[in-house]
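Here the structure is laid out as structure tokens; the discussion comes afterwards.
Each ligand, and each atom within it, is numbered from 1 in the order the structure gives. By convention here, the first residue in the shown sequence is residue 1.
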Amino acid sequence: MIVLALETSCDETSAAVIQDGLILSNVVSSQIKLHAEYGGVVPELATREHLKNVQVVAQEALQQAGIDSGQLGLAAVTQGPGLPSALMIGLKAAQGFAFRLGIPLIGIHHHEAHLYSSWIKGDPARADFRDFEPSVALIVSGGHTILVHVSALLQHRVIGGTVDDAAGECFDKVGKLLGLPYPGGPEVDRLARAGDAKKYSFPRPMLHDPSFDFSFAGLKTSVRYFLQKNPLILESREGVCDVCAGAQTAIVDVLVAKTMRAARFLNVGCVAVSGGVACNSLLRERLEEACRLDGIRLRLCEWGFSTDNAAMIGVLAEQKFIRGHPPLAMDAEIDTSWAL
Ligand code: KG4
Ligand code: ZN
């Protein structure tokens, strides 16, 4: 079966073609440059860009895959959560495709797609669920920080999440306070490599709280007050690098500690990590070390599939369709408050 998948939940217009788990193409048109000027995603601009690009990106995905639209057997789309007007563009485009081609359409939960994206591996990339085992999954991105107990493929339960800001949002805000370009996460990661993480210490919110919840708003505020008290730091590259390293280490300490505690508590043999912040080099390093020590298999989402992409939508839709998941009605709506 060949699947055409669309993803437009935030600031990436993406289309992918999947055949039996194999990713034939995964085209991502990023709007980062457009939103950088405003220091964050502007929903109206994102929507206009999705509208302009969605058909072009879908055609490009088909062309790169060497597939004619007549060969498609399934369409898939992100139905929620996300920016309402952005989601709407993808959903209406996918409904149009499915209707015109007479194929079923599966609506996918954005976070659930991130979760299973950790099972996409290799070159050429392929989703392989054959050796699936019970796992703890950390989904960590600009809009969400969620810990999930995955007892079997497509059977999962949320065990914790952020009570305020997501980890990626915290990275981005720290970047903004330091005057770094948007999005701050990759820049903080890059500059932290040249910094001393011990020079300035920032709080590790909820580290010792017995729940699997997170909180990052206080950490962000503490960086802001610190910089207000020490404005000269902003004038030295060394100082900025040290703040990046200190804040990044605080975020990563909490993410790693809670994820590993959940894995031990639930006695699972695998930890899966996905979402944009899964690109963070310190997080990857620290998880590798922690899993090695605990004898736990680590499934780190590969770079190209960590940030928003349609391949993860298509891969999950294929699995759902095989298991008899009902297709979406042609007049189905987006769902922005869909719980995982
Ligand atoms: O999954 P994603 O593309 O979009 C959402 O669904 O939010 O994640 C984007 C987030 C941004 O906050 C970005 O700063 C963060 O992922 N990010 C990083 C890194 N690369 C991307 N955060 C820390 N270190 C990175 N290397
Ligand atoms: Zn995402």
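Those atoms of ligand 1 with a heavy atom of Cys279 less than 4.0 angstrom away are 20 (N), 26 (N). Under a 4.0 Å criterion applied to the non-hydrogen atoms of Pro183, ligand 1 contributes the atoms 14 (O).
The shortest separation from a heavy atom of His144 to ligand 1 is under 4.0 Å, placing the residue in contact. For Gln248, the closest heavy-atom approach to ligand 1 does not fall below 4.0 Å. For Cys10, the closest heavy-atom approach to ligand 1 does not fall below 4.0 Å.
By the 3.5 Å distance cut-off applied to N or O atoms, Glu169 is not counted among the residues near ligand 1.
Residue-and-atom listing of protein N/O/S atoms under 2.8 Å from the Zn ion (ligand 2), sorted by chain and number: His110 NE2, His114 NE2, Asp308 OD1.
At a heavy-atom cutoff of 4.0 Å, ligand 1 is contacted by the side chain of Asp189 but not by its backbone.
Atom CD1 in Ile2 sits 11.0 Å away from atom OG in Ser69 (nearest 0.5 Å).
When the heavy atoms of Asn280, Val174, Asp172, Asp308 are ranked by distance to atom 11 (C) of ligand 1, first place goes to Asp172.
Looking at Asn309, its side chain does come within 3.5 Å of a backbone N or O of Met312 through a donor-acceptor pair. Remark: side-chain polar atoms of Gln71 are paired, donor with acceptor, to backbone N or O of Asp68 under 3.5 angstrom. Checked by atom type and distance alone, the side chain of Asn230 never pairs as donor or acceptor with a backbone atom of Ile233 at under 3.5 Å.
A salt bridge is defined here as a Lys NZ or Arg NE, NH1 or NH2 lying under 4.0 Å from an Asp or Glu carboxylate O, and Asp128 with Arg126 fails to meet this definition. Under a 4.0 Å N-O distance rule, the pair Glu169/Lys173 qualifies as a salt bridge.
Each ring-ring contact (aromatic ring centres under 6.0 Å, His included) pair with one or both residues in residues 143-187, not counting sequence neighbours, appears once here: His110-His144, His111-His144, His114-His144, Tyr116-His156.
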Next item on the list: Please report the C-alpha distance between Glu289 and Arg286 in whole Å, then the side-chain angles of each, then the deciding distance to 0.1 Å, and finally whether the salt bridge (Lys or Arg N to Asp or Glu O under 4.0 Å) criterion is met.
Entry: CA-CA 5 Å; Glu289 170 82 2; Arg286 293 275 306 280; over 6 Å; no
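For Arg224 and Phe226, the positive end is not near the middle of the six-membered ring at less than 6.0 Å and at most 45° from its axis.
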